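Mind looking over this structure? Questions follow.
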Amino acid sequence: MISDHEILEEATRLAKEGLSVTLPVKGNSMLPFIIGGKESVILQKTVNPKVGDVVLAWVENCRYVVHRIIRIEGDNVTLMGDGNIIGTEHCQLHDICATATHVVSADGKQHDLYSKWRLRATKLWWYLRPIRRYILAIYRRL
């Protein structure tokens, strides 16, 4: 049986070769913009990563995450899941394995992660950090 780690390494290899890779996501760390267990992301080769990009990264030399870049200082990158309240991860630019370009819903429809409305919504979501906990609690109950 192939492990999750091996699957992610292969997805990374394929993306770095220039192929598009569709990867299912787990967990709630990217709520409300990516729903773990129900949606997938399309990954592509990373070119010039920037703040706001959703990326697959090897963080803290121990695990892979699909999270949003919130800060780049030199070669140091800070990531945070949209559904996280305070937790961040850290990696180097060379640890960014691929960039997520689209979300694929359960019915197979693709949604651009960087459409105008999503960019506005993620910016607003960032400013709502102090009350995210309450919004996410309501969201999870719906």
Side-chain angles (χ1 to χ4, degrees), residues 3-142:
S3 71
D4 286 351
H5 184 80
E6 291 169 315
I7 291 168
L8 290 166
E9 285 183 341
E10 183 65 9
T12 295
R13 185 185 69 75
L14 293 170
K16 286 182 178 181
E17 287 181 5
L19 299 171
S20 248
V21 178
T22 302
L23 182 73
V25 291
K26 294 183 189 177
N28 296 320
S29 68
M30 285 302 289
L31 284 174
F33 300 106
I34 302 172
I35 303 168
K38 293 183 181 179
E39 295 180 324
S40 300
V41 291
I42 296 177
L43 301 172
Q44 294 184 343
K45 184 176 184 174
T46 299
V47 180
N48 299 321
K50 60 187 178 307
V51 171
D53 287 354
V54 176
V55 297
L56 170 65
W58 178 248
V59 297
E60 296 162 358
N61 208 23
C62 67
R63 63 190 167 101
Y64 287 99
V65 297
V66 174
H67 282 172
R68 191 174 306 277
I69 297 174
I70 61 168
R71 186 177 307 114
I72 300 175
E73 295 172 333
D75 286 338
N76 299 314
V77 179
T78 304
L79 304 150
M80 183 178 197
D82 292 337
N84 292 351
I85 297 162
I86 57 170
T88 59
E89 295 88 13
H90 305 277
C91 69
Q92 300 291 302
L93 279 172
H94 64 82
D95 294 321
I96 295 174
C97 305
T99 299
T101 59
H102 293 79
V103 175
V104 181
S105 58
D107 61 5
K109 292 182 182 174
Q110 292 183 19
H111 307 280
D112 183 1
L113 272 171
Y114 307 102
S115 64
K116 283 184 181 183
W117 84 263
R118 278 188 188 259
L119 291 175
R120 286 185 190 128
T122 56
K123 191 172 189 173
L124 173 62
W125 189 244
W126 176 255
Y127 291 111
L128 292 174
R129 276 189 333 263
I131 61 169
R132 258 189 212 177
R133 165 179 315 173
Y134 308 108
I135 297 168
L136 286 169
I138 293 166
Y139 179 84
R140 287 183 180 127
R141 285 184 177 86
L142 298 177

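Quick caveat: nothing in here was measured; it's all calculated off a predicted structure.
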Heavy-atom pair of closest approach, residues L79 and C91: CD1-SG, 3.9 Å
Nearest heavy-atom neighbours spanning G83 and L136: O-CD1, 3.2 Å
Test item: N84 and E89 side chains (from C-beta on) under 4.5 Å apart, heavy atoms: yes
Side chains of T12 and Y64 in contact at under 4.5 Å (non-hydrogen atoms): yes
Pairwise distance OG1(T22) to CG(L43) - rounded to 0.5 angstrom: 8.0 Å
Test item: L93 and T46 side chains (from C-beta on) under 4.5 Å apart, heavy atoms: no
Minimum heavy-atom distance A15-V21, with the two atoms named: N-CG2, 4.0 Å
Lys/Arg N to Asp/Glu carboxylate O, E9 vs R13, below 4.0 Å: no
Sub-4.5 Å side-chain heavy-atom contact between I69 and P49: yes
Side chains of Y114 and R118 in contact at under 4.5 Å (non-hydrogen atoms): no
Pair D82 + R68: basic N to acidic O under 4.0 Å: yes
Contact summary for D4 and K26, nearest pair of heavy atoms: OD2-NZ, 2.6 Å
Interatomic spacing from CD1 in I96 to NZ in K16 - rounded to 0.5 Å: 10.0 Å
W58/H94 aromatic ring centres below 6.0 Å: no
Flag, side chain of D53 to backbone of V55, donor-acceptor distance under 3.5 Å: no
Heavy-atom check, side chain of V66 versus side chain of V54, under 4.5 Å: yes
Validation row: R140, N28 side chains within 4.5 angstrom (heavy atoms): yes
Close side-chain approach of H102 and D112, heavy atoms under 4.5 Å: yes
Any donor-acceptor N or O pair under 3.5 Å, side chains T99, Q44: no
Value rounded to 0.5 Å, distance of OG1 in T88 from CD in E60: 7.5 Å
Expected output: side-chain R129 to main-chain W126 donor-acceptor under 3.5 Å: yes
Any donor-acceptor pair under 3.5 Å from R63 side chain to V59 backbone: no
Heavy-atom closest pair, residues F33 and V103: O-CG2, 4.0 Å
Closest approach of D107 to K109 (non-hydrogen atoms, all atoms of both residues): OD1-N, 3.2 Å
From CZ (R132) to CD1 (I85), nearest 0.5 Å: 8.5 Å
